[in-house]
There are 2 protein chains.
Amino acid sequence: MAKAKIQKKTGYHHGDLRGQLISAARDLIEEHGPDGFSMSDACRLAGVSNAAPYRHFKSKEDLLTEVAMDGLARLGAQMEQHAAEYPRGTVQSLAAIGRTYVQFAMREQHTFRLMFSTKSHAGRIEELKTVGRGAYGVLLREVARYLGEDDITEEVLQAAFPLWTQVHGLSFLAIDGKLDVTAFPVDIDQSILLATERLLPPRPEPQGS
Amino acid sequence: MAKAKIQKKTGYHHGDLRGQLISAARDLIEEHGPDGFSMSDACRLAGVSNAAPYRHFKSKEDLLTEVAMDGLARLGAQMEQHAAEYPRGTVQSLAAIGRTYVQFAMREQHTFRLMFSTKSHAGRIEELKTVGRGAYGVLLREVARYLGEDDITEEVLQAAFPLWTQVHGLSFLAIDGKLDVTAFPVDIDQSILLATERLLPPRPEPQGS
DNA sequence: CTAACTATGTTATCGTTGCTAACATATGTT
DNA sequence: AACATATGTTAGCAACGATAACATAGTTAG
């Protein structure tokens, strides 16, 4: 991905410090983890003093929250996009959503952690949850199609949850480097497909008998 | 659990600073999270100077690793203990292991995070993995019993992994407060039981035809 | 018994961090 | 031109992790 490439400011004012700080944060977080990330580093990268960010973000946490929410939005978009590459409402489209989820986690490991972290988002957790619900909605609608439901029924909610749980667990095990604790080579895509098939309730006949 | 209760040292020497620091760390971590935990706090609790811990731990990370390894060991023991409360090698005993896992995560949220974190353990990750494999072995042996295998076959490994993934995901969703994103009340124990049943391959007839 | 050694404390200090206060400089509006 | 607002700067705070130099206790050898 784009390595922190920064245009130094020209005069006293920067131009787009807010945007550049978010971008710098994203890059630095992916490089050193959310804790290894420091405001000072971001400032150095943006060529600005240590106090400048506090005109745009109330705190370091606030900046991180911004990064997290952006991540959730992108995850939702990517899931929708990949689901659309398969016949809607099938095991395949659902497995595609799962693969997208895990791949996102592996590609943007630290952003992913941030997205689901409770700390680092003091006071804005509800805001974050709302964005998260948006992404979860992609899965819910796909499960609804699978079940032939017109809207998000109780049944849909019940069926979707274990699928989420499964890929969420797989994501964390993968990014925490635990897949070699299993003592056999885990094929992630295969694992997702199999679990999706098993966890879904039997599908009602698509049409006719 | 035991709130950080500390016996001040009597003379110049402390007596059991190492042990008391680990214990203080456990308490403080559970109270304020692994990041909210500071060496200085632990020192204050133990009634000792800021430099003293470095006679016993090479770094803060090193102390945290100790806490994590202890946690993994206790998790393994608890899983074994609860599995033994049910007929061995059944869906029930396997679900009990899963429940123990998630309950541990919820009871010792921050220690749990630490146990599976890759950061905070620089240089000792393999050591940690070994302890982790010990705990995982409890699940593996129970799955082997379920499948009627005498040792940990490929089939056992394949069957156990999705079970782990499921409860691991459930644990993180639970401790990250995401169970209300699902828009329906999640019954954790029920959820574990259902997923266990669905994820396991059909059981071979216990005995006879 | 005492000298030497080792283990385990202390104090002093350093560099880094997140953040705030007080001040400076652009930009835009009237 | 005068003022208000947005957005920078410098200086400085307290807390943190860590190290170096020193102090003291307990242990072992002669």
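Worth knowing before you read on, the calculation uses all heavy atoms, side chains too, and leaves out hydrogens, waters and symmetry mates. Order of the sequence lines sets the chain letters (A, B, ...), proteins ahead of strands, with each chain counted from 1.
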Please tabulate, for the side chains in residues 155-166 of chain A, all donor-acceptor contacts under 3.5 angstrom to protein atoms that are two or more places apart in sequence or on a different chain.
{"unit_1": "A:Gln158", "atom_1": "NE2", "unit_2": "A:Glu154", "atom_2": "OE2", "d": "3.4"}
{"unit_1": "A:Trp164", "atom_1": "NE1", "unit_2": "A:Tyr101", "atom_2": "OH", "d": "2.9"}
{"unit_1": "A:Thr165", "atom_1": "OG1", "unit_2": "A:Phe161", "atom_2": "O", "d": "3.0"}

Donor-acceptor pairs are to be reported for all side-chain atoms of residues 57-64 of chain A against protein atoms at under 3.5 Å, with residues two or more places apart or in another chain.
{"unit_1": "A:Ser59", "atom_1": "OG", "unit_2": "A:Glu61", "atom_2": "N", "d": "3.4"}
{"unit_1": "A:Ser59", "atom_1": "OG", "unit_2": "A:Asp62", "atom_2": "N", "d": "3.2"}
{"unit_1": "A:Lys60", "atom_1": "NZ", "unit_2": "A:Phe37", "atom_2": "O", "d": "2.9"}
{"unit_1": "A:Glu61", "atom_1": "OE1", "unit_2": "A:Ala122", "atom_2": "N", "d": "3.1"}
{"unit_1": "A:Asp62", "atom_1": "OD1", "unit_2": "A:Arg124", "atom_2": "NH1", "d": "2.5"}
{"unit_1": "A:Asp62", "atom_1": "OD2", "unit_2": "A:Lys58", "atom_2": "N", "d": "3.4"}

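Sorted by first then second residue, the side chain to side chain donor-acceptor pair (under 3.5 Å) pairs that include residues 177-201 of chain B, not counting sequence neighbours, are A:Lys129-B:Asp180.
A search for ring-ring contact (aromatic ring centres under 6.0 Å, His included) contacts involving B:Phe116 returns B:Phe112, B:His168, not counting sequence neighbours. For the side chain to side chain contact (heavy atoms under 4.5 Å, CB included) test, residues two or more places apart in sequence or in another chain that qualify with A:Ala96 are A:Tyr86, A:Arg99.
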Got a list of protein N/O to nucleotides 17-20 of chain D N/O distances below 3.5 Å?
{"unit_1": "D:dG17", "atom_1": "OP1", "unit_2": "B:Met39", "atom_2": "N", "d": "3.1"}
{"unit_1": "D:dG17", "atom_1": "OP1", "unit_2": "B:Lys60", "atom_2": "NZ", "d": "3.1"}
{"unit_1": "D:dG17", "atom_1": "OP2", "unit_2": "B:Met39", "atom_2": "N", "d": "2.9"}
{"unit_1": "D:dG17", "atom_1": "OP2", "unit_2": "B:Ser40", "atom_2": "N", "d": "3.3"}
{"unit_1": "D:dG17", "atom_1": "OP2", "unit_2": "B:Ser40", "atom_2": "OG", "d": "3.4"}
{"unit_1": "D:dA18", "atom_1": "OP2", "unit_2": "B:Tyr54", "atom_2": "OH", "d": "2.7"}
{"unit_1": "D:dA18", "atom_1": "OP2", "unit_2": "B:Lys60", "atom_2": "N", "d": "2.9"}

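In this structure, B:Arg18 atom CZ and C:dA7 atom P are separated by 15 Å, rounded to whole Å. Atom NE2 in B:His32 sits roughly 11 Å away from atom P in D:dC16 (whole-Å rounding).
Side-chain N/O atoms of B:Arg44 include one lying less than 4.0 angstrom from OP1 or OP2 on D:dC16.
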